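Structure first, then comments.
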2 protein chains.
Amino acid sequence: MSLASDRAKPRATEKPTLYKRIRLDIETRILTGEWPPGHRIPFEHELMARYRCSRMTVNKALSELAQADLIERRRRAGSFVRRPQHMSAVLKIADIRAEITALGRAYGYQLIDCRRRTATSADRARLGVSTAGKVIAIACRHSADDVPFAVEDRLIDLSTVPEAATADFAREPPGSWLLHHVPWTEAEHTISAVVADDRTAEALDIAVGAPCLVIDRYTWRSARTVTAVRLHYPGETHRLVARFKGG
Amino acid sequence: MSLASDRAKPRATEKPTLYKRIRLDIETRILTGEWPPGHRIPFEHELMARYRCSRMTVNKALSELAQADLIERRRRAGSFVRRPQHMSAVLKIADIRAEITALGRAYGYQLIDCRRRTATSADRARLGVSTAGKVIAIACRHSADDVPFAVEDRLIDLSTVPEAATADFAREPPGSWLLHHVPWTEAEHTISAVVADDRTAEALDIAVGAPCLVIDRYTWRSARTVTAVRLHYPGETHRLVARFKGG
DNA sequence: CACGATTATATGTCTAGACATATAAGTCAA
DNA sequence: TTGACTTATATGTCTAGACATATAATCGTG
């Protein structure tokens, strides 16, 4: 396990433009605690006067801080320092086929099981819906260069995505199909660790009891549940890499 | 394990503005693989014509995509789809003490081991530095309501943070101390899954062979390595939750 | 052909406006 | 007092320009 070797190096400092200077000024006050959580940041028109610039310039600085969740902006009220997030993550997960082909490896896909049924109570709990509509339950496996990459266990809500009934999941992975046919508006991920049970171990070709990284993802489209998926990755070989720029 | 119950519900749909629609359109094409890594995104003037809007509007969409590392923008050349880092995540992890107290649980801290030494070759590799300066190596444990929460294994580069030599890590957790004394500018996380070895199992009060979520974090301050830390969480009980807004 | 100078071009930043919209705060009536 | 209505205001988005700047591509020269 060589982590240090392929780690990216931080970039050099660059000449700051005005909006970056404004952003850094505010950021510094927040990080040093000079402006504690809840503190109201000067209004845009105050910053305009302070830095003698147009509103769009301070707006760009504040928008980026809001995007980074350092501040919260409320209409009519102003902008406020946010309480630091305890542990949160923003994941951007493209579909697995795209991920593997982007790595220059051969993508393989095997459908293990696919069945259509009226949602059981377990299905409804998993999808977070109360009415018992039809669902599709899929188990499948993704591989890279013929090595198992991840196993997928998915539930699709047919009342949200009726077109999924006609999709051929033996040919196309459900994740790819959904991304092409149902742009999501919101998603939630949960990352955890488990040890492989018999079925998972067999599908991933690892030992029973070997560590697995588990990602649960729930996807919504305009307040309607689209799909719930659980992915098992071999924990020894697969890693999630994250990088965060503070400056 | 009840995931569905405490899961946040999606908010209602909001009327999408033009720049958000542009951003989502491009994002969808990237995530589906329709525009693979390296693909050149239409120029701003092309998108202006396509969406019949001003340049600032498409610029805002592209700037946000660049900030999210989905695309790379190069002057004169254009904007290009970036190669995804298999899976990328942005983690914002405040210190564990704040995390536990925010959950309304009693924070406990035990220093297991703390020693100051000249960096060994292993230390240098881990910190990604070439010169052999002084380092502090710390092992400690965080608990919530007297239940082990995480074990920490940390290395601090004293040539970057000489003040750390005078800190009392028996009293204050190193993460909290660093957060208050050394604002970082850049950080990188790697998430993986392992099974507990003897030492970890004992410290976390779990069985040997039980799954653990591992977070490795490297922190820099303006191109200088600050600290490298590895955290083991009991995988059955601890989860990373992530939420991503697509709109 | 190799290499330096020039040019064209896409992005980076900024301005001085505009209207939209959510909402805190104030006003008034039941 | 409470609820409904109005108003003031800060942010959200957008425009049609401008100049700056990095750099790919071209051109010219030795």
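None of the values given here were measured: they were computed from a predicted structure.
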Sequence neighbours excluded, the answer for side-chain hydrogen bond (donor to acceptor under 3.5 Å, both in side chains) partners of A:D145 is none
Whether each nucleotide of nucleotides 5-10 of chain C has a protein heavy atom under 4.0 Å at its base (B), only at its sugar-phosphate (S) or at neither (-) is summarised, 5' to 3', as ---BBB
Lys/Arg-Asp/Glu bridge criterion (N-O < 4.0 Å) met for A:E72, A:R74: yes
### Query
Is a side-chain donor or acceptor of A:S79 paired with a backbone partner of A:I41 at a separation under 3.5 angstrom?
no
Contacts of B:E172 meeting side-chain hydrogen bond (donor to acceptor under 3.5 Å, both in side chains) (sequence neighbours excluded), chain-then-number -> none
Residue set satisfying side-chain hydrogen bond (donor to acceptor under 3.5 Å, both in side chains) with B:E44, at least two apart, ordered chain then number -> B:R55, B:N59, B:R73
Contacts of A:E152 meeting side-chain hydrogen bond (donor to acceptor under 3.5 Å, both in side chains) (sequence neighbours excluded), chain-then-number -> A:H142, A:R154
When rounded to whole Å, the CD to P distance for the pair A:E64 and D:dT11 reads 17 Å
Write down the protein N/O and nucleotide N/O pairs, taken from nucleotides 14-18 of chain C, whose separation is under 3.5 Å; answer none if there are no such pairs.
{"unit_1": "C:dC14", "atom_1": "OP1", "unit_2": "A:L18", "atom_2": "N", "d": "2.8"}
{"unit_1": "C:dC14", "atom_1": "OP2", "unit_2": "A:Y19", "atom_2": "N", "d": "3.3"}
{"unit_1": "C:dT15", "atom_1": "OP2", "unit_2": "A:S54", "atom_2": "N", "d": "2.7"}
{"unit_1": "C:dT15", "atom_1": "OP2", "unit_2": "A:S54", "atom_2": "OG", "d": "2.9"}
{"unit_1": "C:dT15", "atom_1": "OP2", "unit_2": "A:T57", "atom_2": "OG1", "d": "2.6"}
{"unit_1": "C:dA18", "atom_1": "N6", "unit_2": "A:R55", "atom_2": "NH1", "d": "3.3"}

**Message:** Less than 4.0 angstrom from a charged side-chain N to a carboxylate O is my criterion; do B:D25 and B:K20 meet it?
**Reply:** no
Between CZ of B:R21 and C1' of D:dT13 the distance, given in whole Å, is 15 Å
For A:T190 and A:R217, does a side-chain donor sit closer than 3.5 Å to a side-chain acceptor?
no
When rounded to whole Å, the CG to P distance for the pair B:L65 and C:dG12 reads 12 Å
A:Y51 atom OH is separated from C:dT13 atom C1', nearest whole Å, by 17 Å
Here the distance between atom C1' of C:dG12 and atom CG of A:N59, to the nearest Å, is 16 Å
